[in-house]
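Please read the structure below before turning to the comments.
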2 protein chains.
Amino acid sequence: MKPNKSVPTIQDVAREAGVSPSTVSNVLNQRSRQTSKETRERILEVARQLNYQPNAMAAALRRRSTRTIGVIVTTILNPFYTAIVRGFQDAARQHGYSTILGNSDDDPGQEREMLNTLRAKQVDGIVIVTTGGCHDTIQQVRDLGVPIVMVDRGDPGLNIDSVAVDNTRAAEAAVGYLVGLGHRRIAIISGLTSGVPTRAHRLQGYLRGLQAAGLDAPESSQQIMSTSIENGSLAAGRLLDLPDRPMAIMATNNLLSIGVVQEIRRRGLQMPRDVSFVMFDDPEWACLHSPGITTVAQPIQEIGARAFALLEGRIQKTRTGDAEAVVLPTTLVMRGSCGAPPKL
Amino acid sequence: MKPNKSVPTIQDVAREAGVSPSTVSNVLNQRSRQTSKETRERILEVARQLNYQPNAMAAALRRRSTRTIGVIVTTILNPFYTAIVRGFQDAARQHGYSTILGNSDDDPGQEREMLNTLRAKQVDGIVIVTTGGCHDTIQQVRDLGVPIVMVDRGDPGLNIDSVAVDNTRAAEAAVGYLVGLGHRRIAIISGLTSGVPTRAHRLQGYLRGLQAAGLDAPESSQQIMSTSIENGSLAAGRLLDLPDRPMAIMATNNLLSIGVVQEIRRRGLQMPRDVSFVMFDDPEWACLHSPGITTVAQPIQEIGARAFALLEGRIQKTRTGDAEAVVLPTTLVMRGSCGAPPKL
DNA sequence: TTGAAAGCGGTACCAT
DNA sequence: ATGGTACCGCTTTCAA
């Protein structure tokens with residue numbers, strides 16, 4: 001254990017190679033300046049020998065660019081967001097960017113705190129799944145010159161680049177699919193829609209789908225509650241207790257969906273014999289369940305990749321002007337949980 | 001859109017408040033130095049008004065501490081690692097640290113690259129789930145004075161702090177449980193053990209468990225192959241085709257486990273009627289499956305929290321000297337997938 | 001083809 | 001109780 005051999009600096013390399021720091025800097029960064037082959041090789045050799053690693057802090061301070069991007073999601077415990085993050089990170093790393101990752105836990109306070117931390121750390125850009133609760137801070141940071149891209153949840157009024165899927169159409173399509181199978185009483189279980197456009201859009205798509213098919217949308221078949229496994233079970237229970245029991249249920253949130261699946265099993269009912277079921281996102285367990293669960297899948301990795309592309313454009317200033325709103329299509333993954341409705 | 005209002009610096013605050021930068025720095029960092037109430041309040045007010053945020057780069061450069069920690073895992077697409085990361089991040093954030101997150105994809109090359117990036121970024125410490133393929137780099141970075149904690153997979157020969165669970169005992173206990181249920185032919189499906197102590201330990205525990213019960217451990221009931229869903233199915237198929245079909249199967253990896261579950265279902269067999277099954281880690285789908293799957297659960301969030309505690313100790317130098325190896329116990333979560341063996 | 005030197009924005013020591 | 005100022009390690013003109 002040899003502590004504090006003191007980390008070598010560019011000065012050390014320069015001295016050891018008998019040149020000036022400027023020359024070392026130029027060689028190591030492969031900048032345009034011409035350097036004689038011998039000098040270059042000597043420098044490279046010395047750097048390798050000293051196990052020299054440039055201090056990115058110092059470089060960033062001077063260059064005013066950290067080659068680091070901040071990413072804020074609600075929680076990486078949700079595989080959906082993890083996948084987005086991964087898609088983004090892969091794209092970012094390929095272009096030489098690191099990422100600082102933060103969770104907001106869907107709490108505007110934490111989101112604001114993260115935003116300020118990222119600003120302090122001088123990130124070159126920020127990708128955020130916003131809670132919707134601190135648009136003021138987002139604006140501030142953006143006005144300070146930090147490019148921002150909103151992911152999964154955008155906001156038309158904010159003039160900030162965004163990447164999201166077309167949730168309205170996705171929900172509408174799912175309803176259409178159920179209608180096509182012969183269902184008429186189709187229920188929805190959704191998280192609270194206030195401030196979360198994603199959820200509002202899905203609900204809207206659901207209603208549109210019903211309307212397009214000329215079906216009723218009674219209040220009783222719309223269970224809107226905060227997202228948790230327990231509430232999913234609760235909602236499913238309420239629906240299944242209805243005198244006019246729905247033939248099919250659509251859940252627009254992962255946690256709620258888990259609750260639904262559990263409640264259906266708990267009652268000894270089977271999909272799709274007793275009730276059809278379709279859910280959003282496409283978690284690992286959807287295909288492990290028996291029967292497999294039909295889902296509305298999002299092009300997750302692409303969302304991340306597109307988000308990076310947008311951000312990169314702003315960072316490099318190859319793209320300026322008004323915000324761009326990328327809307328990606330979803331895919332209906334048909335598995336065994338949906339079928340013809342039970343005969344009456 | 002008002003670009004480049006030019007970010008305010010400590011100089012701006014100082015000028016505006018009619019004091020020197022030193023005073024501002026002292027006030028904003030709540031350092032010991034005495035400052036008159038008026039001055040302090042004036043400074044705070046001006047800072048707020050200018051929406052001033054200190055440049056963490058500059059501070060880090062001077063203070064030689066970034067209050068940032070690097071985290072390297074194999075992949076955040078695996079919820080097991082995500083949970084560890086989250087546990088770690090929560091602890092870290094509470095103590096004022098941000099985290100830079102990187103994936104190695106179980107590739108030593110990428111791991112090395114990440115390590116060097118983190119070094120360049122002057123992180124105060126590193127937490128790593130190592131591939132085992134670049135201990136040299138890890139040593140180097142550590143010798144340069146960067147505290148490192150190894151998580152999930154340690155290495156006795158490296159004198160580096162580590163946090164892991166007692167995989168040997170966990171596997172042994174699981175086998176003991178199966179034996180207690182009356183099973184005699186107990187098979188294992190494991191990932192390749194070379195260079196991955198975790199897996200080797202689980203295999204070892206399996207063998208010990210059998211030995212303790214006086215049972216044979218024929219080669220044919222030990223399926224060792226690279227981890228993938230397909231291989232899980234393949235391995236399960238081989239076992240189920242055996243003339244002396246195993247009464248119980250233990251899988252020590254998540255992907256392999258998925259394959260096993262699928263293969264069992266594909267053959268129209270049922271757990272635990274036809275075969276009992278126990279697996280490692282406790283993914284979300286284990287309890288959603290019907291029947292619920294018995295698992296060896298790890299105290300995931302605690303692993304992360306303990307890792308931070310170890311690292312923090314090194315960073316603050318409140319702990320010096322030899323490496324510490326924290327070993328946490330696992331829990332056997334009994335669900336429906338294990339039962340008495342089929343009568344012959 | 002190379003070197004000297006002025007910063008980047010804070011921090012912390014030494015004065016006053 | 002406060003100010004002056006030399007750094008931290010690198011980049012980047014400008015000069016040679």
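Reminder, nothing fancy here: chain letters follow the sequence lines and each chain counts from 1.
For the pair A/Q30 CD and D/dT12 C1', the interatomic distance rounds to 18 Å; values are reported in whole Å. Atom CZ of B/R67 is separated from atom P of C/dG10 by 18 Å (rounded to the nearest Å). Protein atom CD of B/E41 is 12 Å distant from nucleotide atom P of D/dT2, rounded to whole Å. One atom, NZ of A/K37, and another, P of C/dT1, lie 13 Å apart when rounded to the nearest Å. Distance B/Q34 CD to D/dG3 P: 16 Å, rounded to the nearest Å. If you measure from atom CG of B/L61 to atom C1' of C/dC8, you get 9 Å, rounded to the nearest angstrom. When the P atom of C/dG9 is taken as reference, atom CZ of A/R63 falls 15 Å away, rounded to whole Å. Distance A/I10 CD1 to C/dG7 C1': 15 Å, rounded to the nearest Å.
Counting atom types as modelled, B/S22 pairs a side-chain N or O with a base atom of D/dG4 as donor and acceptor under 3.5 Å. Counting atom types as modelled, A/R64 pairs no side-chain N or O with a base atom of C/dG7 as donor and acceptor under 3.5 Å. The base of D/dC7 sits within donor-acceptor range of the side chain of B/R62, with an N or O pair under 3.5 Å. Side-chain atoms of B/T23 and base atoms of D/dA1 include no donor and acceptor less than 3.5 Å apart. In terms of polar N and O atoms assigned as donor or acceptor, the side chain of A/R33 comes within less than 3.5 Å of the base of C/dG3 in a complementary pairing.
Heavy-atom distances to DNA chain C give each of B/Q53 and A/G18 a nearest nucleotide, and the one nearer the 5′ end belongs to A/G18. Place B/R40 and A/A56 on DNA chain D by their nearest nucleotides, and B/R40 ends up nearer the 5' end.
For A/A58, taking side-chain heavy atoms from C-beta onward, the closest of the listed nucleotides C/dT11, D/dT11, D/dG9 is D/dG9. Listed nucleotides C/dG3, D/dA1, C/dG10 differ in distance to A/S20; the shortest reach to its side chain belongs to C/dG3. Closest contact between the side chain of A/Y52 and the listed nucleotides C/dT2, C/dG10, D/dC10 involves D/dC10. Distances from the side chain of B/S36 to the nucleotides C/dG10, D/dT2, D/dT11 place D/dT2 closest. Proximity note for B/S25 (side chain, C-beta onward) versus D/dT11, C/dC13, C/dT11: the nearest is C/dT11. Distances were taken from every side-chain heavy atom of B/T39 (C-beta onward) to each of D/dT2, C/dG9, C/dT2; the shortest belongs to D/dT2. For A/N55, the side-chain atoms get nearest to D/dG9 when compared with the rest of D/dG9, D/dA6, D/dT2.
Ring geometry for B/H95 versus B/F308: interplanar angle of 30 to 60°, hence tilted.
In this structure, B/T35 reaches the sugar-phosphate backbone alone: every heavy-atom distance under 4.0 Å involves primed, P, OP1 or OP2 atoms, never a base. Within the 4.0 angstrom heavy-atom criterion, no nucleotide atom of any strand lies near B/N26.
A/N51 and B/R119 share a side-chain donor-acceptor pair at under 3.5 Å. Using modelled atom types, one finds a donor on one side chain and an acceptor on the other under 3.5 Å when comparing A/R93 with B/Q110.
Judged by distance alone, the side chain of B/R142 and the main-chain N or O of B/N159 form a donor-acceptor pair under 3.5 Å.
The existence of a salt bridge linking A/D106 and A/R153 is confirmed by a sub-4.0 Å separation between a basic side-chain nitrogen and an acidic carboxylate oxygen. Salt-bridge check for B/R48 with B/E45: passed, with a basic side-chain N closer than 4.0 Å to an acidic carboxylate O.
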